[in-house]
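Each ligand, and each atom within it, is numbered from 1 in the order the structure gives.
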Amino acid sequence: MLFNACNCASAFSPAAGALGAGGAGFVSAVIATLAAGARTQAAKTLRGDVPEVERLAVRMVTDNIVMQFVPTEKRDGLVIERRTGSNTSPDRPPRAALNGEWGLAMHAESAAAGETRHVLIDFGYTPEVLLNNMAILKVDPSLFDALVLSHGHYDHFGGMVGFLKAHGSALKRKIPFYVGGEDCFCIRRNPGGNFGALDRKAILDADLTLMMAAEPAIVADHAFTTGRIGQTSFEQPLQPSMEIVGIFDGFGCFPDKMPAAKNTGSYIPDDFEHEIATSYLVRDKGLVVLTSCSHRGVINTVRQAMRAAGTDKVHAVIGGFHVVPPLGDDYINKTIEEFRDIDPDYLITAHCTGDRFYDLARLALGDKVIHSAVGTRFVFGG
Ligand SMILES: [Fe+2]
């Protein structure tokens with residue numbers, strides 16, 4: 001097996017030229033394909049106006065850092081609810097504490113016309129942290145109306161199998177699970193070695209409805225995904241991982257669903273064509289773009305959301321911006337200038353943004369740049 005049920009990486013590495021190799025794993029993968037065909041849908045492409053919500057709360061369930069001693073703060077159109085020591089009990093040693101890790105998971109709760117929708121975007125790096133933080137933050141999976149995976153990196157889906165094991169039975173039946181395309185399932189490696197692959201069987205076993213959203217699509221009536229993120233700015237995104245097309249021990253992406261040019265039989269640079277961002281249009285405020293990891297470029301991501309929504313007004317950008325080394329100050333300053341042009345009210349930096357970007361953006365843009373942390377809840381509108 002490439003991975004066991006907990007999605008842990010083994011030492012196995014698909015060899016070049018092993019595409020389509022037989023074996024028990026491949027047989028089970030073929031069966032999975034047939035099942036996937038029945039339960040995989042093309043997401044409904046966004047046509048016309050995107051929906052408006054009156055209120056949106058984004059809770060950082062998994063993020064890289066934990067903050068203390070930062071009070072809750074009210075801004076124009078935004079309340080930043082910080083978690084400050086509320087998970088400790090007097091006279092008892094701490095046992096349940098919010099954990100930070102390299103990863104991202106966000107819970108978005110939106111309200112419009114008297115109705116509420118809940119979406120989980122990404123699953124963090126480990127199930128232990130995701131489940132721990134969900135329990136402390138009282139995130140109720142039975143309320144979820146949709147799940148979204150931004151891209152096929154382990155720090156975004158690593159907690160998924162454990163989440164489905166723990167909470168799969170509580171989820172709404174056939175709940176939609178959005179991804180940007182088949183690429184999301186490819187096996188990847190990064191400079192550290194095996195970087196895992198999304199577990200298609202776990203998704204099917206949990207009876208989720210797999211939604212392929214290569215184009216902008218409505219999510220849970222209130223949100224929309226960007227679809228494929230165009231390369232329209234100066235940005236030249238890093239390619240920190242490699243991917244291989246094919247099925248290996250039941251994991252991977254199906255060659256017949258991938259572009260022929262990528263089906264080379266060996267690892268190729270990951271272009272993140274499958275990456276998507278989830279966004280909301282908040283009434284009288286503008287777009288709130290949840291970037292996740294911005295491998296296609298954070299400016300490209302925001303501009304893609306603006307195009308999809310047909311609006312120039314961006315209220316907030318929240319998530320990982322991925323402006324990290326070896327990208328240097330020139331690149332960072334160009335990104336900041338692009339943000340000046342877009343003129344969002346708030347930039348909320350999380351996960352993979354990069355400390356240097358945060359420092360320079362604070363200098364240039366002041367306190368509209370806000371640090372995220374585990375447990376923080378950002379409430380937009382009303
Ligand atoms: Fe990431």
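For Lys172, the NZ atom sits in a packed shell: over 12 heavy atoms of surrounding residues, nucleotides or ligands are nearer than 6.0 Å.
Evaluation of the ring pair (Phe, Tyr, Trp, His ring centres under 6.0 Å) test over residues 282-335, restricted to residues two or more places apart or in two chains, returns His151-His295, His153-His295, Phe234-Tyr331, Phe272-His295, His295-His322, His315-Tyr346, His315-Phe380, Phe321-Phe339, Phe321-Phe357.
Salt-bridge annotation for Glu52 and Arg283: present, with a side-chain N of the basic residue lying under 4.0 Å from a carboxylate O of the acidic one. Between Arg356 and Asp329 there is a salt bridge, since at least one side-chain N of the basic residue sits less than 4.0 Å from a carboxylate O of the acidic one.
No option in Arg228, Lys257, Lys262 other than Lys262 meets the side chain to side chain donor-acceptor pair (under 3.5 Å) test with Asp183.
Excluding waters, the set of protein N/O/S atoms under 2.8 Å from the Fe ion (ligand 1) reads Asp155 OD2, His156 NE2, Cys293 SG, His351 NE2.
A donor-acceptor contact closer than 3.5 angstrom is absent between the side chains of Glu81 and Thr376.
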